[in-house]
Asker: 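Following this message is one structure expressed as structure tokens.
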Amino acid sequence: MPAEPLFKPGLQDVVALETTISFLDTESERILIKGFDLIELSHEVGYVEMIHLLLNETLPDSTQTENVNQRLRDANGIPEEVWSILSLLPKATHPMDAQRTALSVLSGFDQDLNDRSVETNVHRAYQLLAQLPELTANSYHLLKGKQRIRSDKSLSYSANFLYLLTGKVPSKLEERIFDLSLLLYSEHELPNSTFAARVIASTLSDMYGALTGAVSSLKGQLHGGANEAVMNLLLEVGSPERFVELLREKLMNKEKIMGFGHRVYAKKMDPRALIMKRALMDLSEHQGDDRFLRMCEAGESFMEKEKGLYPNLDYYAAPVYYMLDIPIALYTPIFFCSRTAGLAAHVIEQHNHNRLFRPRVHYTGTPYSSI
Ligand SMILES: CC(=O)SCCNC(=O)CCNC(=O)[C@H](O)C(C)(C)COP(=O)(O)OP(=O)(O)OC[C@H]1O[C@@H](n2cnc3c(N)ncnc32)[C@H](O)[C@@H]1OP(=O)(O)O
Ligand SMILES: O=C([O-])CC(=O)C(=O)O
């Protein structure tokens, strides 16, 4: 008899591929990205440097950082046809679905669509990273029946992104914190969305196809959609005591609490969540309003005691985005914009070292019987 093939529900702990991009090294408690620790990077560099690291292999010097900024500023604008299509979407469309539609439409404007060389894919990634902030923010404004906001090229990448989302030029503190959130969201080994993108890319489908698949994956509440869900939970109640009561009720009803738990960190806090918690502390102090901080802290200690579960990045990113005045429905689309840097690196790696993904199943259906 052949040995029973290995089956792990949810592919837990299964190694699905080799990569040089990133690794959650739980033993040394590091999030390794191209040999650097993401948390250490978060103290030293910003999102634009992270883009360079993910797409060009090394941390940039100041000239290279300026080149990346220039490349992002000089990228092609968004074709008018894309806005026309977005303006036809039903008003109830979720911004993640608008983002997915926009990405899909952009593929038709790529004259080198069938070119999957590293050079063209890197160029494509820069184009998308340049276009996504406007595309994401303005698809939302259009759905709300508002005017599009034009990029302000005198601002940094992150300040401009935040300006497009809120219509207000951010303060230095707001810019720094938003940039930090983009950096923390930029890459995280092989979550569901990255796996989805790589599975799609492994058929030699193009980057747009792989990324639209990743948007769909990220939308779900068990993944990126959790940041939006966390904020809605916090807004259901107004005090730490009532928040804990709400969590208790949900646990009694066997509901999952969004923003807690993680397949890889499992019984430890996501190291990125701690950095976002500090950002929430800074914002709370600056705005003289610690309501969400106190609620989140109460929820964190309750969940630790009650379930031995810890916050993931989405738990603290949600109130941070709320205090930055960002519409809640845009939290997950922002996560996708940031993650495009990592996703693009994965698609490039997949195209460059490809083997089609085609696993097998453990059949539990009716045994054979003749007709
Ligand atoms: C940036 C990110 O995308 S991070 C992930 C964001 N997602 C969330 O915050 C959603 C809430 N969290 C979860 O649903 C899960 O923790 C996941 C999906 C992240 C990981 O799930 P898995 O590794 O499959 O763990 P699984 O769902 O099997 O949970 C294991 C046990 O812990 C419990 N558990 C895990 N997370 C939670 C939670 N957030 N609330 C309540 N219970 C939970 C499960 O009910 C299960 O209990 P049981 O063994 O008694 O049935
Ligand atoms: O790693 C995961 O499974 C989910 C996650 O935290 C991320 O994508 O940032």
Side-chain angles (χ1 to χ4, degrees), residues 8-14 16-17 19 21-26 30-33 38-39 42 50 54 96 180-198 211 213-234 243-244 246-277 296 299-300 302-321 331-343 345-346:
K8 295 277 200 104
L11 302 184
Q12 176 152 11
D13 296 328
V14 169
L17 51 91
T19 181
I21 301 169
S22 67
F23 174 55
L24 304 189
D25 186 348
T26 46
R30 288 198 183 98
I31 301 171
L32 270 188
I33 302 198
L38 179 67
I39 301 305
S42 75
M50 193 68 186
L54 285 164
M96 279 306 267
L180 177 66
S181 78
L182 295 183
L183 179 127
L184 293 173
Y185 268 136
S186 62
E187 167 58 18
H188 206 238
E189 201 211 62
L190 198 59
N192 190 290
S193 49
T194 306
F195 188 45
R198 290 193 71 136
L211 293 183
V215 177
S216 306
S217 156
L218 206 61
K219 185 184 178 196
Q221 286 201 352
L222 296 189
H223 192 4
N227 57 13
E228 183 181 330
V230 166
M231 199 59 231
N232 290 326
L233 212 57
L234 287 167
F243 187 53
V244 167
L246 178 69
L247 300 189
R248 197 189 302 281
E249 254 172 56
K250 287 193 176 291
L251 287 184
M252 274 185 1
N253 295 334
K254 303 261 177 264
E255 284 177 56
K256 277 190 162 176
I257 313 294
M258 297 300 129
F260 285 92
H262 195 280
R263 174 63 67 81
V264 180
Y265 302 122
K267 298 284 173 192
K268 279 197 175 142
M269 184 150 164
D270 174 346
R272 302 167 300 171
L274 193 58
I275 303 293
M276 261 299 100
K277 182 177 179 177
C296 283
E300 185 184 331
F302 171 74
M303 287 296 284
E304 184 187 352
K305 262 192 245 118
E306 207 65 22
K307 293 283 290 183
L309 284 170
Y310 295 85
N312 55 52
L313 175 56
D314 285 333
Y315 186 65
Y316 280 106
V320 163
Y321 284 168
Y331 295 3
T332 319
I334 294 168
F335 181 169
F336 176 76
C337 290
S338 152
R339 184 57 60 84
T340 295
L343 285 166
H346 279 277

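Indexing begins at 1, ligand by ligand and atom by atom, following the structure's order.
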Asker: Could you tell me whether atom 13 (C) of ligand 1 has at least one protein heavy atom nearer than 4.0 Å?
Answerer: yes

Asker: Do Ser193 and His223 pass the side-chain contact (heavy atoms from CB on, under 4.5 Å) test, and can you show the C-alpha distance, the side-chain angles, and the key distance before you say yes or no?
Answerer: CA-CA 8 Å; Ser193 49; His223 192 4; 2.8 Å; yes

Asker: Do any non-hydrogen protein atoms sit less than 4.0 Å from atom 50 (O) of ligand 1?
Answerer: no

Asker: Measuring only between side-chain heavy atoms, which start at C-beta, is Leu251 closer than 4.5 Å to Met303?
Answerer: yes

Asker: Does any N/O atom on Arg272 come nearer than 3.5 Å to any N/O atom on ligand 1?
Answerer: no

Asker: Using a 4.0 Å heavy-atom cut-off, which part of Asn227 comes near ligand 1: side chain, backbone, both, or neither?
Answerer: neither

Asker: Going by the atom numbers of ligand 1, which of them fall below 4.0 Å from some non-hydrogen atom of His262?
Answerer: 4 (S), 16 (O), 19 (C)

Asker: Give yes if a backbone or side-chain nitrogen or oxygen of Glu255 is under 3.5 Å from a nitrogen or oxygen of ligand 1, and no if not.
Answerer: no

Asker: Check for me whether Asp314 has a heavy atom closer than 4.0 Å to any atom of ligand 1.
Answerer: yes

Asker: Among all protein heavy atoms, pick the one closest to atom 21 (O) of ligand 1 and tell me residue, atom and distance.
Answerer: Lys256 NZ, 4.3 Å

Asker: Is the shortest distance from a heavy atom of Gly259 to ligand 1 less than 4.0 Å?
Answerer: yes

Asker: Who's closest to atom 16 (O) of ligand 1 heavy-atom-wise, of Pro311, Ala273, Gly261?
Answerer: Gly261

Asker: Just need the protein heavy atom nearest to atom 3 (O) of ligand 1, so name the residue and atom and give the distance.
Answerer: His223 ND1, 2.9 Å

Asker: Which residue holds the protein heavy atom closest to atom 4 (C) of ligand 2, what is that atom called, and what is the gap in Å?
Answerer: His262 NE2, 3.5 Å

Asker: Give a yes/no on ligand 1: does Phe335 have at least one heavy atom closer than 4.0 angstrom to it?
Answerer: yes

Asker: Has ligand 1 got any nitrogen or oxygen that is less than 3.5 angstrom from a nitrogen or oxygen of Leu222?
Answerer: yes

Asker: Begin from the C-alpha positions of Leu247 and Leu233 and carry the test side-chain contact (heavy atoms from CB on, under 4.5 Å) through to its verdict.
Answerer: CA-CA 9 Å; Leu247 300 189; Leu233 212 57; 4.1 Å; yes

Asker: Provide the closest heavy-atom pair for Pro271 versus Ile31 in the form atom of the first, atom of the second, distance.
Answerer: CG-CD1, 4.0 Å

Asker: Quick check: do Ile33 and Leu54 have side-chain heavy atoms less than 4.5 Å from each other?
Answerer: yes

Asker: Which ligand 1 atoms are under 4.0 Å away from a heavy-atom of Gln221?
Answerer: 7 (N), 8 (C), 10 (C)

Asker: Which of the atoms in ligand 2, numbered in the order shown and given with their element, are less than 4.0 Å from a heavy-atom of Arg272?
Answerer: 5 (C), 6 (O), 7 (C), 9 (O)

Asker: Check ligand 2 against Arg339 and write out every atom of the ligand that is under 4.0 Å from a heavy-atom position of the residue.
Answerer: 7 (C), 8 (O), 9 (O)

Asker: Can you tell me the protein heavy atom closest to atom 47 (O) of ligand 1 and the distance?
Answerer: Lys307 NZ, 4.7 Å

Asker: So, is Asn312 polar-close to ligand 1, with some N/O to N/O distance under 3.5 Å?
Answerer: yes

Asker: With respect to Met276, which candidate in Asp270, Asp314, Asn312, Val320 satisfies the side chain to side chain contact (heavy atoms under 4.5 Å, CB included) definition?
Answerer: Val320

Asker: Quick one: are Tyr316 and Asn227 in side-chain contact, heavy atoms under 4.5 Å?
Answerer: no

Asker: Report yes if Met258 has an N/O atom closer than 3.5 Å to an N/O atom of ligand 1; otherwise report no.
Answerer: no

Asker: Between His188 and ligand 1, find which residue part has any heavy-atom pair under 4.0 Å and reply side chain, backbone, both or neither.
Answerer: neither

Asker: Just checking Tyr315 against Phe260, ring centres under 6.0 Å apart?
Answerer: yes

Asker: Which protein non-hydrogen atom lies closest to atom 3 (O) of ligand 2, naming both residue and atom, and how far is it?
Answerer: Pro191 CB, 3.5 Å

Asker: Does Thr340 use its side chain to pair, donor to acceptor, with the backbone of Phe336 at less than 3.5 Å?
Answerer: yes

Asker: Check step by step if side-chain contact (heavy atoms from CB on, under 4.5 Å) holds for Leu182 and Ile334.
Answerer: CA-CA 8 Å; Leu182 295 183; Ile334 294 168; 3.8 Å; yes

Asker: Which residue, Phe195, Tyr265, Phe23, forms the ring-ring contact (aromatic ring centres under 6.0 Å, His included) with His188?
Answerer: Tyr265

Asker: Which residue holds the protein heavy atom closest to atom 11 (C) of ligand 1, what is that atom called, and what is the gap in Å?
Answerer: Phe260 O, 3.3 Å

Asker: Is it the case that over 12 heavy atoms from other parts of the model lie below 6.0 angstrom from the NZ atom of Lys305?
Answerer: no

Asker: Is the shortest N/O to N/O distance between Ile257 and ligand 1 below 3.5 Å?
Answerer: yes

Asker: Backbone or side chain, does any N or O of Arg263 fall under 3.5 Å from an N or O of ligand 1?
Answerer: yes

Asker: Taking atom CZ of Arg263 as the centre, does the number of heavy atoms from other residues, nucleotides or ligands within less than 6.0 Å exceed 12?
Answerer: yes

Asker: Please check if a non-hydrogen protein atom sits closer than 4.0 Å to atom 37 (C) of ligand 1.
Answerer: yes

Asker: Is it the case that ligand 2 has an N or O less than 3.5 angstrom from some N or O of His188?
Answerer: yes

Asker: Can you find a pair of side-chain heavy atoms, one from Ser186 and one from Arg339, that are under 4.5 Å apart?
Answerer: no

Asker: Can a non-hydrogen atom of Lys250 be found less than 4.0 Å from any atom of ligand 1?
Answerer: no

Asker: Do Tyr310 and Glu300 get their side chains close enough for a donor-acceptor pair, meaning under 3.5 Å?
Answerer: no

Asker: Please could you name the atoms of ligand 1 that Ala226 approaches to less than 4.0 Å, counting only its heavy atoms?
Answerer: 6 (C), 7 (N), 8 (C), 9 (O)

Asker: For Asp13 and Lys8, what are the C-alpha separation, side-chain angles and deciding distance, and is it a side-chain contact (heavy atoms from CB on, under 4.5 Å)?
Answerer: CA-CA 8 Å; Asp13 296 328; Lys8 295 277 200 104; 4.1 Å; yes

Asker: Do Tyr321 and Glu228 pair up side chain to side chain, a donor and an acceptor below 3.5 Å, judged on atom types alone?
Answerer: no

Asker: Within the protein, is there a heavy atom lying under 4.0 Å from atom 9 (O) of ligand 1?
Answerer: yes

Asker: Short check: is a protein heavy atom less than 4.0 Å from atom 28 (O) of ligand 1?
Answerer: no

Asker: Would you say the side chains of Glu189 and Ser22 form a donor-acceptor pair under 3.5 Å?
Answerer: no

Asker: So which protein heavy atom does atom 33 (C) of ligand 1 come closest to, and at what separation?
Answerer: Leu309 CD1, 4.5 Å

